[in-house]
Amino acid sequence: MSKDVAIIGVGQSAFVRSYQGSIRELAFEAFREAMQDAGISTGDIDASIICSAPEYDNQRSPSGIIAEYLGLNPQPTFAVESVCSSSTTGIRVGYSMIKSGLHDLVLILGFQKMSEISSADSQERMGRGADIMWEAPFGTMMPAYYAMHAQAHFASYGSTEKDLALIRVKASKYGILNEKAVYRKEVKLEDALNAGMVASPLKRFDCCANADGASCIIMASQARAKEMAKKPVWVLGLGSATASMTLTGRDALNGLTCARVAAEKAYAMAGVTPRDIDVAEVHDCFTIAELMAYENLGFAGPGQGAELIRAGETYIGGKIPVNVDGGLLSKGHPIGATGGSQVRTIVQQLRGEAGAIQVPNAAIGLVHNIGGVGVYGNVIILGR
Amino acid sequence: MSKDVAIIGVGQSAFVRSYQGSIRELAFEAFREAMQDAGISTGDIDASIICSAPEYDNQRSPSGIIAEYLGLNPQPTFAVESVCSSSTTGIRVGYSMIKSGLHDLVLILGFQKMSEISSADSQERMGRGADIMWEAPFGTMMPAYYAMHAQAHFASYGSTEKDLALIRVKASKYGILNEKAVYRKEVKLEDALNAGMVASPLKRFDCCANADGASCIIMASQARAKEMAKKPVWVLGLGSATASMTLTGRDALNGLTCARVAAEKAYAMAGVTPRDIDVAEVHDCFTIAELMAYENLGFAGPGQGAELIRAGETYIGGKIPVNVDGGLLSKGHPIGATGGSQVRTIVQQLRGEAGAIQVPNAAIGLVHNIGGVGVYGNVIILGR
Amino acid sequence: MMGFEKFGHKSFTSQTKVNAFVAALESNELKGTKCISCGNTYFPPRADCCGCLGSDMVWINIEGPGNLLSYTRVNYAPTGFEKDVPYTLALADFNGTKVFGRLSSAIAKEETMVVMSLKAAVVNLPDGQITYEFIKA
Amino acid sequence: MMGFEKFGHKSFTSQTKVNAFVAALESNELKGTKCISCGNTYFPPRADCCGCLGSDMVWINIEGPGNLLSYTRVNYAPTGFEKDVPYTLALADFNGTKVFGRLSSAIAKEETMVVMSLKAAVVNLPDGQITYEFIKA
Ligand SMILES: [Zn+2]
Ligand SMILES: [Zn+2]
């Protein structure tokens with residue numbers, strides 16, 4: 001467990017339905033918070049990495065315009081993308097650039113203004129999210145793919161719609177406490193179970209909402225972190241993996257291979273096991289995604305994830321508190337910003353600065369961030 | 001001058017006006033050549049980095065579909081973008097991932113199928129390439145920006161339209177020899193000077209052509225490179241820098257700050273000077289870009305670049321041969337693939353495998369790849 | 001136009017080296033490809049083999065019966081598919097080759113279940129497009 | 001609609017915290033912003049200061065005369081600007097503040113030259129859009 005690269009600053013804008021400003025102004029909100037958190041100025045930043053799903057922007061190559069607005073010229077900047085996991089990919093790249101010695105301080109800015117394009121345009125892009133040659137021509141969308149995973153999980157393991165609803169109930173409980181979340185109302189079990197069907201067996205409350213938002217993470221080399229940060233949070237493990245984009249290339253749909261492989265790599269690098277994790281943020285774009293994450297991350301054995309939520313073990317006070325900031329289900333899912341928001345929550349937990357949602361004595365935390373429907377998987381293990 | 005990371009395989013598709021296949025099939029052409037060049041199989045690759053300007057694709061998140069087609073699951077993959085310099089950004093990231101110890105073998109695949117979208121759509125996207133708030137509303141395009149740099153260079157230093165034409169004449173001489181180039185006809189000085197004006201002072205032959213194409217570079221750690229490669233080419237220096245996207249934020253238009261700063265960093269890392277460079281590939285999307293590159297890279301003093309081309313010093317046999325593969329002006333400029341193609345040329349030169357365009361005894365080579373109009377600049381120094 | 005734009009309820013791309021897939025559908029056959037050099041088989045069909053880097057492929061038939069691996073009945077659709085809702089998307093296994101597509105609307109909601117036996121059938125759509133769907137075996 | 005879509009020969013984005021820029025143009029003034037905390041000035045105007053991370057800005061006037069730094073007369077244009085060609089794009093310096101825009105078509109090609117003296121003038125376009133251009137000082 002080496003402590004070579006640390007996170008020294010975190011920031012996030014409010015996640016909102018429709019941000020009333022430009023993407024550069026949205027990015028600035030997360031940037032300012034992270035810079036003030038780290039206590040540094042723009043001249044300290046050696047490079048920036050901008051993370052987003054570019055099909056939502058009218059601006060081509062937004063990394064250039066955002067780096068300019070943040071005052072980060074002439075330092076290098078570029079964009080990275082792995083759809084919904086773009087900002088944890090950015091963090092993986094930032095880690096590499098620091099560990100390799102190219103840079104000492106790297107800023108990772110994730111953003112998405114999903115409302116930048118019209119709703120019709122958005123519906124059009126959704127249709128192009130899967131393999132456009134072999135799957136999109138049948139009329140596919142993200143909820144449908146996750147629904148097929150849910151159906152397969154139910155068939156393999158006997159999990160139920162109620163298990164999924166229980167996950168949403170937990171998300172809403174914590175979402176109420178998160179002032180940066182887009183959805184802050186209680187969802188009762190019966191509300192979740194009685195909601196309209198989107199793609200069977202997923203109903204309205206099984207799905208997270210689109211949102212506009214930005215997140216910002218500042219990473220530093222060991223030397224700079226020790227010099228600058230009161231409470232550095234160290235990158236202990238990083239794992240990344242993929243699965244074929246087309247479902248035809250996958251072994252089974254009752255879990256996500258990319259998450260399982262990424263987790264194995266992250267645990268091995270950190271030298272820890274699932275039992276060592278005190279608090280986790282998992283990618284719950286749909287309730288079924290959280291259920292599969294329990295198993296793919298080793299918090300439960302294959303098919304035993306439902307028992308965790310039934311027993312309340314993923315609440316604060318349980319064996320492994322998961323998504324105690326409300327998750328994507330409550331916060332909303334501004335694609336490029338999501339992973340950075342998850343990392344921010346874990347950093348605050350490990351610093352003991354999480355307020356009402358603090359998991360007592362959290363020392364090791366985990367982030368699980370998935371791009372596409374199990375196409376890209378990033379797992380990050382952080383420690384204080 | 002450390003030899004930690006090497007290039008062990010290079011490949012490129014033909015660059016053509018309109019590729020008659022899918023983007024995955026186009027990518028495969030460069031991939032196959034690089035894999036055969038390196039003599040490895042897909043299981044050897046630890047991660048892939050896919051480089052393109054995404055606004056030309058109908059496929060969202062093409063990195064997933066391309067990695068799948070190349071047989072690179074479950075290894076990590078993601079996209080990087082800095083417009084026209086995307087694939088050298090990919091190489092910089094690949095270097096980091098290897099040097100940091102995360103991976104041993106990384107594949108960087110750059111591609112662009114500019115003909116994937118209609119010509120009208122392409123014209124529409126061109127209008128969104130600059131700052132969409134403050135410059136695009138006036139009707140800007142890439143040639144206009146480079147033309148303003150040309151006008152400023154002429155005003156500052158007395159360079160002329162004829163100097164630019166001489167650069168195109170050189171490009172065409174070598175383009176004829178490059179069987180993968182899209183433009184393989186001779187351009188005489190008077191042809192270049194008499195061609196129609198695009199954006200004053202730039203005329204038709206001052207501009208490179210759009211093209212479809214792919215490039216592939218395989219990088220390896222020192223240990224793997226020594227074990228696997230007969231003629232590894234080492235990454236000696238990497239420099240990257242930016243300038244504001246809006247012209248209003250720049251000091252002067254008679255050169256590109258991002259290139260000058262990137263070059264300084266690359267020379268410092270490699271421990272060499274401009275005089276040590278035996279052969280260079282520079283980003284000649286427009287003739288003026290090559291002229292500015294002479295100065296920004298230190299091959300000539302500020303304002304003295306024109307003397308180099310007037311004296312023929314950038315031909316093979318001259319002081320510093322530049323773009324002896326025909327450059328972007330002859331090869332075409334498939335945005336995401338361009339930097340990888342430049343790197344391939346230098347690798348072949350340093351291996352002594354460049355055939356008709358071989359610069360005798362080339363030992364140290366340089367690549368200069370620019371994204372946008374001087375927004376992103378990457379300089380890479382390679383040695384055998 | 002290359003021919004591939006004819007495939008599917010809505011097409012997103014027209015150019016591919018495997019557009020003969022559409023001609024096969026027109027002859028009522030669902031086909032994948034097989035690499036001559038190494039024997040790897042592919043569905044969806046591919047022009048290139050990532051196993052051996054070869055590009056000499058032959059067409060092979062995907063034949064039933066197969067089994068339903070998973071499915072979902074969707075009530076919302078992306079642009080261009082609105083008039084089709086609800087429809088059921090499915091993944092089926094044909095002797096180890098997985099195929100993605102729609103389940104025939106002739107299969108009742110109640111009888112749709114994982115592992116049910118299926119075969120693929122070509123469907124000519126009213127607008128001239130061609131596709132395939134899964135019907136009861 | 002926020003107001004910013006009114007700026008320019010063609011607009012690409014409507015939402016910004018500095019859309020009062022358009023109202024200033026309507027009052028015949030070209031404005032940038034100045035940070036109250038640190039005094040940094042910005043053109044184009046910004047809502048946030050990257051110097052001190054503050055977001056309290058006041059509007060300031062950009063006043064002439066300025067000098068032409070560079071220009072180009074374009075014969076091709078992107079979608080939406082086709083009817084305007086040829087037109088001349090330019091960068092000018094107003095006492096250290098650089099401004100990008102078009103040169104007035106009233107300035108003849110022959111008299112256009114780097115360092116010529118200019119001032120900015122608001123232009124109301126026939127379709128209701130508003131912009132500015134550079135005219136002879
Ligand atoms: Zn084969
Ligand atoms: Zn300030």
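Numbered from 1 within each chain, the chains take letters A, B, ... in sequence-line order. Small disclaimer: the values here were computed from a predicted structure and weren't measured.
Contact count against chain A (heavy-atom pairs under 4.5 Å) is highest for B:Ser63 among B:Pro54, B:Ser63, B:Cys51, B:Gly90. When each of B:Ile50, B:Val261, B:Val93 is scored by its heavy-atom pairs under 4.5 Å with chain A, the top score falls to B:Val93. Ranked by heavy-atom pairs under 4.5 Å with chain A, the list B:Gly371, B:Ser82, B:Pro74, B:Gly101 is led by B:Pro74. Top candidate by heavy-atom pairs under 4.5 Å with chain A, chosen from B:Ile98, B:Thr257, B:Leu238, B:Thr246, is B:Thr246.
Looking at B:Phe78, the atoms closer than 4.5 Å to chain A (heavy atoms on both sides) sit in the backbone and in the side chain alike. Neither the backbone nor the side chain of B:Asp4 comes within contact range of chain A; no heavy atoms are under 4.5 Å apart. Only the side chain of B:Val375 comes within less than 4.5 Å of a heavy atom in chain A; its backbone stays farther off. Contact of B:Thr89 with chain A is made through the side chain alone, with heavy-atom distances under 4.5 Å. The part of B:Leu72 that comes within reach of chain A is its backbone (N, CA, C, O), which places non-hydrogen atoms under 4.5 angstrom from that chain. Only the side chain of B:Arg24 comes within contact range of chain A, with at least one heavy atom under 4.5 Å from a heavy atom of that chain. B:Ala241 touches chain A through backbone and side chain together, each having a heavy atom under 4.5 Å away. Only the backbone of A:Asp57 comes within contact range of chain B, with at least one heavy atom under 4.5 Å from a heavy atom of that chain.
Although no hydrogens or angles enter the test, the distance criterion places a donor-acceptor pair under 3.5 Å between the side chain of B:Thr242 and the main chain of A:Gln75. Under a 3.5 Å cut-off, the side chain of B:Tyr376 and the backbone N or O of A:Pro76 do not form any donor-acceptor pair. Proximity of a side-chain donor or acceptor of A:Arg128 to a complementary backbone N or O of B:Gln59 within less than 3.5 Å is not detected.
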Problem set entry | Verdict with reasoning, B:Met269 to A:Leu102, per side-chain contact (heavy atoms from CB on, under 4.5 Å) | CA-CA 10 Å; B:Met269 179 171 164; A:Leu102 278 187; 4.2 Å; yes
For this session: Let me see the working for B:Arg92 and A:Met97 under side-chain contact (heavy atoms from CB on, under 4.5 Å), right down to the final yes or no.
Result: CA-CA 9 Å; B:Arg92 183 176 174 86; A:Met97 298 193 111; 3.6 Å; yes
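For the atom pair OG of B:Ser61 and CD1 of A:Ile335, the computed distance is 10.0 Å after rounding to the nearest 0.5 Å. From B:Lys99, atom NZ reaches atom OG of A:Ser100 across 6.5 Å, with rounding to the nearest 0.5 Å.
A salt bridge (charged side-chain N to carboxylate O under 4.0 Å, His left out) with A:Arg60 is found for one member of B:Glu124, B:Glu55, B:Glu81 and no other, namely B:Glu55.
A donor-acceptor pair shorter than 3.5 Å cannot be found between the side chains of A:Tyr95 and B:Ser96.
Listed in order of number, the residues of residues 129-137 of chain A that approach chain B to under 4.5 Å between heavy atoms are A:Gly129, A:Ala130, A:Asp131, A:Ile132, A:Met133, A:Trp134.
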